[in-house]
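Take a look at the structure set out below.
Lettering of chains follows the sequences in order, A, B, ..., and the numbering in each one begins at 1. Just the heavy atoms: all of them, side chains too, but no hydrogens, waters or symmetry mates, feed the values below.
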2 protein chains.
Amino acid sequence: MNIQANISNPDIPERCRYCVARRHGICGTLDDDQLIALSRHATQRKVGPGTTLVGDGEAIAIFSNVLAGTIKLTKTLADGRQQIVGLQFAPDFVGSLFRVTSSCTAEAATKAMLCTFPKAVVERMIAESPRLRSRLMEQALKELDEARSWMLTLAQKTASEKIASFLLLIAGRPGAAHGPGTRVAVELPLSRGEIGDFLGMTIETVSRQLTRLSKNGMIRFQSRRRLVINDISYLERCARL
Amino acid sequence: MNIQANISNPDIPERCRYCVARRHGICGTLDDDQLIALSRHATQRKVGPGTTLVGDGEAIAIFSNVLAGTIKLTKTLADGRQQIVGLQFAPDFVGSLFRVTSSCTAEAATKAMLCTFPKAVVERMIAESPRLRSRLMEQALKELDEARSWMLTLAQKTASEKIASFLLLIAGRPGAAHGPGTRVAVELPLSRGEIGDFLGMTIETVSRQLTRLSKNGMIRFQSRRRLVINDISYLERCARL
DNA sequence: CGTCCTGTTGACAGTGATCAACTGGCGTGG
DNA sequence: CCACGCCAGTTGATCACTGTCAACAGGACG
């Protein structure tokens with residue numbers, strides 16, 4: 001997007017040079033000076049699965065780019081029933097602006113790499129950069145659309161359709177046209193229980209559906225978390241996409 | 001919010017003077033000149049239930065303020081299964097910006113009054129008004145949060161909890177603290193079938209849950225669409241809020 | 001008065017939840 | 001090095017909630 005950024009300025013810190021957030025995320029909307037200013041307050045950190053980024057109802061004091069790994073956003077009922085309401089991958093930006101408090105918990109689902117900024121600095125950048133603002137608006141609308149699509153999945157689809165939809169989501173952008181028989185290797189970023197919380201079904205049903213697909217020969221497990229989808233287009237038909 | 005607006009300018013058209021969109025909606029972010037400019041391209045129209053505002057996948061050429069009535073946003077699977085993914089009331093603004101195509105259908109659920117603007121004019125206003133932009137961002141984030149909360153309802157709650165959640169949604173903002181025994185009259189903006197499409201259940205289950213509440217004495221029907229909630233706090237307990 | 005449409009009620013069936021037992025991988029400690 | 005325990009996941013048996021199918025009720029309207 002920003003050609004000049006690539007041949008750029010020696011003042012740009014090492015870690016920003018080849019960063020996904022700069023190439024495909026929100027940092028790509030900043031000019032060199034802004035990027036340098038922002039990076040002065042940025043800290044990169046590696047977190048393990050289960051690390052909480054933003055607790056439910058807490059004021060959000062910190063914002064992060066996801067550089068690697070998967071972040072899950074969850075909502076929980078008083079009696080413990082839980083729902084994963086969104087997944088974020090690199091180079092998404094975590095922490096919704098303008099909301100005083102977050103109404104979800106954001107938690108690392110896998111080990112993840114984050115680039116974190118204090119709230120005040122992000123807000124100053126937003127005030128200064130129209131491109132950043134429109135990028136954030138874009139991401140908010142994308143997330144809104146994803147959430148609504150998932151509502152359709154949660155409320156209307158059967159267990160096997162839900163599993164197919166989930167595998168396709170993880171396998172990647174549904175935009176790419178797959179001929180019949182296309183094989184894709186996939187690493188699941190969620191445990192069986194988390195998949196259940198994402199799809200609104202129990203761990204047992206998740207397990208049964210996965211073994212069914214495995215016995216069908218439509219997928220092959222290499223380990224608990226790694227599998228190969230033997231025919232993407234079959235799954236697309238299953239998912240009613 | 002804008003005191004000056006009330007004692008204002010004789011050039012402001014009659015229909016804008018006491019308009020909800022000006023008092024509580026996006027038009028409140030505009031100054032007098034901007035409002036006058038926008039109103040020159042605005043047309044108010046009354047539509048009946050079932051009128052389609054934006055078809056699924058169509059390019060959005062028109063944006064509207066909802067001045068009265070209820071608009072439903074729906075997504076549909078190829079085989080006809082349908083999900084209502086959002087409801088909009090006055091003074092919400094319909095038609096998400098920056099998305100080339102809509103991925104939902106927007107349709108009037110009741111008879112409704114709209115104030116409609118051509119796309120180009122709205123975009124010019126957005127370019128000119130920072131307050132309008134941040135108002136739209138706010139609405140997008142509010143809708144995102146509502147969608148995610150509803151995901152929790154769809155995926156985790158039982159039929160009776162869903163019905164209770166729905167009645168509370170319609171009865172109004174859950175912010176207001178209700179003592180036990182508070183009575184509220186409610187007009188349902190959706191048919192039984194639409195309630196089913198919103199809650200992810202069948203028309204029969206909706207009907208059974210409503211008659212159950214009615215026989216319990218927790219609600220009393222005055223007609224098919226009108227009812228009185230006898231104890232809001234009871235419903236809140238049912239909904240697990 | 002008959003027709004249509006929406007909603008209600010009943011009988012029954014099926015999907016997925018629940019409860020429970022079991023398996024396999026992995027790390028710890030003897 | 002092996003025994004052990006632990007945890008995640010799998011598999012099986014049973015149950016119940018909600019979906020399905022069908023008949024019926026009650027307004028609205030010509």
Side-chain angles (χ1 to χ4, degrees), chain A residues 48-50 72 77 79-83 109-111 153-167 186-216 219-227 238 240, chain B residues 48-50 72 77 79-83 109-111 153-167 186-216 219-227 238 240:
Chain A
K72 60 175 183 175
L77 248 29
D79 58 14
R81 280 175 287 175
Q82 203 172 47
Q83 178 65 28
T110 62
K111 62 190 176 190
T153 298
L154 291 174
Q156 303 292 343
K157 292 186 186 175
T158 64
S160 62
E161 289 166 349
K162 283 178 178 179
I163 284 286
S165 301
F166 172 72
L167 290 176
V186 172
E187 166 115 35
L188 299 179
L190 302 180
S191 69
R192 301 293 188 271
E194 287 170 323
I195 295 173
D197 287 345
F198 190 37
L199 294 172
M201 48 204 239
T202 60
I203 186 172
E204 291 95 332
T205 304
V206 171
S207 179
R208 276 186 253 269
Q209 293 298 330
L210 285 174
T211 57
R212 192 182 52 80
L213 284 174
S214 184
K215 283 180 180 162
N216 279 351
I219 62 176
R220 209 180 76 246
F221 274 96
Q222 299 179 316
S223 73
R224 296 243 158 114
R225 294 286 190 116
R226 293 199 55 79
L227 59 88
C238 287
R240 311 292 161 113
Chain B
K72 59 175 182 174
L77 248 29
D79 58 13
R81 280 175 287 175
Q82 202 172 50
Q83 179 64 29
T110 62
K111 62 190 174 187
T153 298
L154 290 174
Q156 304 291 342
K157 293 187 184 174
T158 65
S160 62
E161 288 166 350
K162 284 178 177 178
I163 285 286
S165 301
F166 172 72
L167 290 176
V186 172
E187 167 113 37
L188 299 179
L190 302 180
S191 69
R192 300 296 189 270
E194 289 170 322
I195 295 172
D197 287 344
F198 190 36
L199 294 171
M201 49 203 239
T202 59
I203 186 173
E204 292 95 333
T205 305
V206 171
S207 180
R208 275 187 253 270
Q209 292 299 330
L210 286 174
T211 57
R212 192 182 51 80
L213 285 175
S214 184
K215 283 179 181 163
N216 278 353
I219 62 176
R220 209 182 76 245
F221 275 95
Q222 299 178 317
S223 72
R224 294 235 161 121
R225 294 285 190 116
R226 293 198 56 78
L227 59 88
C238 286
R240 310 291 160 117

Just the rounded figure in Å: distance from P of D:dT11 to CZ of A:Arg212.
13 Å

Would you kindly give the CD1-to-P distance between A:Ile203 and D:dT10, to the nearest whole Å?
8 Å

Stepwise, does the salt bridge (charged side-chain N to carboxylate O under 4.0 Å, His left out) test hold for B:Glu187 with B:Arg226?
CA-CA 5 Å; B:Glu187 167 113 37; B:Arg226 293 198 56 78; 2.8 Å; yes

Give a yes or no on whether B:Arg212 atom CZ has more than 12 heavy-atom contacts from other residues, nucleotides or ligands under 6.0 Å away.
yes

Rounded to whole angstroms, how far apart are CD on B:Glu204 and P on D:dA23?
14 Å

B:Arg208, nearest nucleotide to its side chain (from C:dG10, C:dG7, D:dG12)
C:dG10

Please walk me through it: do B:Leu154 and B:Gln83 pass side chain to side chain contact (heavy atoms under 4.5 Å, CB included)?
CA-CA 11 Å; B:Leu154 290 174; B:Gln83 179 64 29; 3.7 Å; yes

Nearest-Å distance, CG (B:Leu227) to C1' (C:dG7)?
15 Å

Contact class for A:Thr202 (heavy atom, under 4.0 Å): base, sugar-phosphate, or nothing?
base

Find the distance A:Leu213:CG to D:dT10:C1' and express it as a whole number of Å.
15 Å

Counting any heavy atom closer than 4.0 Å, what does A:Gly200 reach on the DNA or RNA strands: base, sugar-phosphate only, or nothing?
sugar-phosphate

Between D:dG19 atom P and B:Arg81 atom CZ, what is the distance in whole Å?
13 Å

B:Thr205 side-chain N/O to D:dC17 phosphate OP1/OP2 under 4.0 Å:
no

Which one of B:Gln156, B:Gln209, B:Met201 satisfies the side-chain contact (heavy atoms from CB on, under 4.5 Å) criterion with B:Lys162?
B:Met201

Interatomic distance where CD1 belongs to A:Ile195 and C1' belongs to D:dT10 [whole Å]
14 Å

Can you tell me the distance, in whole Å, between the NZ atom of B:Lys157 and the C1' atom of C:dG16?
21 Å

The residue among B:Leu190, B:Thr153, B:Val206 that forms side-chain contact (heavy atoms from CB on, under 4.5 Å) with B:Phe166 is B:Leu190

Classify B:Arg224 by what it touches in the nucleic acid, base, sugar-phosphate, or nothing, heavy-atom distance under 4.0 Å.
base

Looking at B:Ser207, I'd like to know whether one of its side-chain N or O atoms comes within less than 4.0 Å of OP1 or OP2 on C:dT9.
no

Which of D:dG9, C:dG16, C:dT8 is nearest the side chain of A:Arg192? It is D:dG9

